[in-house]
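Because the structure is predicted, anything quoted here is derived from the model rather than measured.
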Amino acid sequence: MLPIYHSFNTSPFLNLLMAIILIFGFYELGKMIILNTILTKIIGSISEIKYQAVIVSANFIIIISYPIILFFHQISKFYLFAISYSILLLGIYKIIKKFKTVRKINFNFNITLYAVYLVIISYFLISTGPVTSADSLDYHLYVSKFIVENGTFPNSLNHFHTKLSGAGEILISMGLIVGTEQFGSILQFLGIISILGILKKKNNLFYIIVILGCPVLLFFTSSIKPQLFQIASTSLVFSIVIFSNMRNEKELLQKYFFCFLILAICSQVKFSFMLSYFLIGSYIFFDSFKKKVLIKTFFLFCIVYLFVLVPPTLWKVYAYDTSFINLLIYPFPIDKPGLDNFYNYLINAGRSSDIILGIVFPDNIQTITNSLGFGIFAYFILFRNVKLNIYPILLITSFIILGYIKGQPASRFFLEPLIWTLITLSKNDMEKKIPKSYNLLLFFQFILLLPAILYGAYNLSQANFSNSLRDKVLIKNANGYSLFKWANHELSKIKYDGPIISMHRSIAFSKNPIISSDVFWLTYFDEKEYINYLNELKKLNPQYLLSYGTDKNMQNHIYFENCEFELFKKGENIGSHASRKPFGRGMQYHGYLFRIDVDNFSDCIDYTKMN
């Protein structure tokens, strides 16, 4: 059975090479934008521009591309191919130019500095691995592949998780177009580089060690989930708004405009960044009031809102058949049948555990990458000079409170205020206020995490050297890979290329059009209010259902035991519960392909057995 690739490029090493070339292209584009605009002064006041070049260019591409993909389907595919290969050519130009001007790099010997470089390189190697994270394989990669094939976003009733996708998937799709699936995860790694560029201080590695020793970075760098890159974007804006001083009104307004622009883009990549948009945006208005440019600032805000936020909201009004007002507060209409259940699922998932304790300590060794570690206690150091840090304290505290009440019940949601805290301590030169014992504790955490980082680098990056190694890495680390590899092979033998229903969420591995199992957990076909979901399912008319489990524990299709399904193929022990966490792997399971008839779904599904 052939391994599964997500683009035309079936060479693992070429996948990586294309990603690196594309990154160089984005870097060169970003540098050109910064050096030829006021951004030289705005960004240069808080960081060396080389660290922020990709942040600027990627967000610039999103601004241009998002409305084209939403509204201009006739040209969107051509546009995406043109812009992707243009940036790839720019990357080739940059690499050739770089080789001609290569300079010798001198390092002062410092064991701590070498450890920092080792960790940075290891995070990069982790990001070069194939796509293995659950959310990525469920909807981030699925949506990106859909964009490549169709030039627009999917609008299926039955796959609820695609409602969480946004403008960030455009960048992932650009990588797929030029033949690389790693581009999205390498972008997340570059989010770390951006943050380090803001925190960088001569002869002081404290802030860098805190960030690099944060366990949740293992999760972010091994995923194409467009989150860490946008955290870096909002952190750049935070730095500019609080610590960048412009000389005159024109420069001040240009600074505000740039910040509004980045915040608006981030909110369209992932809806949770609306909180950052609200908090930092509110501070911008407060600052503009103090500097007597409030009306002009409000006008700039309206321009950004009109051109960045209104178009995708209008698209959702049409796609979801809802009102504009409903979408101002939520990413999708939560009053619609099915979507209300989905919203409740999202806000309650993980609420049963202790979120506050989980931010510092993982529940067990398997969940270590869900925690932020001891770095969060740096927040209290801000209070050692309240007068100097008053505005950052208000912003960070507001984020924590609102995030806890209304945000996602996950510790990674609070990485943003941690970074803002470190930026504040760094820019206000508060190193002397940091207790030596706390410094040692964070260094100890950094050293303790090092084996896990090195393991992740070795475990995932080896996939770049051959097809067999890539296959091995995916079998061990990507849950559902073996199942879909088997199903793809069986369906190709009978030349069936129609849609199938999958009870496994890693649907990006499927070569067939896919119907997610979301619809079975979140709707009830035997109730009239969910008739639209059943009608769409009947219209798609899938002929097969893919499930997995064991003969004694067929939990993934037990809901259909009253349905008259015919077992088409059974794969004995074709896969096991795979995980990137070495202690999180589980037992083997069988694969099942059933021939189905969706016409009697409303009568035969047993909802009492739903989890």
Side-chain angles (χ1 to χ4, degrees), residues 1-7 129-146 154 158-162 164-165 172 176 181-182 184-185 219 222-225 366 459-460 463 467 469-492 499-521 542 544-550 553-560 568-594 611:
M1 292 182 284
L2 294 175
I4 302 168
Y5 283 87
H6 304 293
S7 72
V131 180
T132 55
S133 72
D135 280 352
S136 299
L137 293 168
D138 180 21
Y139 65 97
H140 294 300
L141 186 57
Y142 170 80
V143 170
S144 302
K145 291 172 75 171
F146 189 94
N158 292 309
H159 191 352
F160 287 81
H161 277 84
T162 59
L164 302 177
S165 62
I172 301 170
L176 298 177
E181 67 183 79
Q182 299 103 316
S185 52
F219 167 82
S222 60
S223 170
I224 63 171
K225 178 190 284 286
Q366 296 179 31
N459 183 42
L460 295 177
N467 282 307
L469 282 173
R470 183 182 182 277
D471 206 41
K472 177 184 173 183
V473 167
L474 286 168
I475 289 171
K476 189 167 67 170
N477 297 279
N479 199 23
Y481 175 75
S482 298
L483 176 67
F484 278 96
K485 186 179 176 184
W486 167 78
N488 290 342
H489 178 69
E490 294 298 333
L491 293 171
S492 66
I500 65 170
I501 296 173
S502 171
M503 301 307 292
H504 198 289
R505 68 179 302 212
S506 298
I507 61 175
F509 283 131
S510 176
K511 290 186 177 180
N512 289 72
I514 202 83
I515 297 167
S516 169
S517 60
D518 283 358
V519 69
F520 301 114
W521 321 132
Y544 294 89
L545 180 143
L546 172 65
S547 187
Y548 64 104
T550 65
N553 182 25
M554 296 189 295
Q555 59 181 357
N556 295 290
H557 54 267
I558 199 171
Y559 325 108
F560 305 105
F568 168 65
K569 286 288 181 180
K570 177 182 176 182
E572 297 277 353
N573 297 323
I574 52 92
S576 61
H577 180 78
S579 174
R580 294 169 296 175
K581 303 167 187 175
F583 303 104
R585 294 170 186 139
M587 64 179 190
Q588 287 189 314
Y589 56 72
H590 310 315
Y592 304 89
L593 272 171
F594 295 96
N611 291 328

Can a donor-acceptor pair be found, under 3.5 Å and without considering hydrogens, that links the side chain of [X] to the backbone of [Y]?
X: Asn479; Y: Ala134; value: no
X: Ser165; Y: Thr162; value: yes
X: Asn477; Y: Thr132; value: no
X: Ser223; Y: Phe219; value: no

Student check: side-chain heavy atoms of [X] and [Y] closer than 4.5 Å:
X: Val519; Y: Ile501; result: no
X: Asn573; Y: His590; result: yes
X: Val131; Y: His140; result: no
X: Leu483; Y: Ile574; result: yes
X: Lys476; Y: Asn459; result: yes
X: Phe594; Y: Lys569; result: no

May I ask you to decide if the ring planes of [X] and [Y] are parallel, tilted or perpendicular, using 30° and 60° as cut-offs?
X: Tyr142; Y: Phe146; value: tilted
X: His504; Y: Phe484; value: perpendicular
X: Phe509; Y: Tyr481; value: perpendicular

Got a sec, which pairs hit salt bridge (Lys or Arg N to Asp or Glu O under 4.0 Å) with one end in residues 137-146, sequence neighbours left out?
Asp138-Arg505
Could you measure the distance from the CG atom of Leu141 to the CG atom of Leu176? Nearest 0.5 Å is fine.
6.0 Å
To the nearest 0.5 angstrom, please state how far the OH atom of Tyr548 sits from the OG atom of Ser482.
13.0 Å
Residues in salt bridge (charged side-chain N to carboxylate O under 4.0 Å, His left out) contact with Lys472, at least two apart in sequence or another chain:
none
What residues, two or more places apart in sequence or in another chain, satisfy side-chain contact (heavy atoms from CB on, under 4.5 Å) together with Ala463?
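Ala463 satisfies side-chain contact (heavy atoms from CB on, under 4.5 Å) with Pro130, Arg470, Val473 only.
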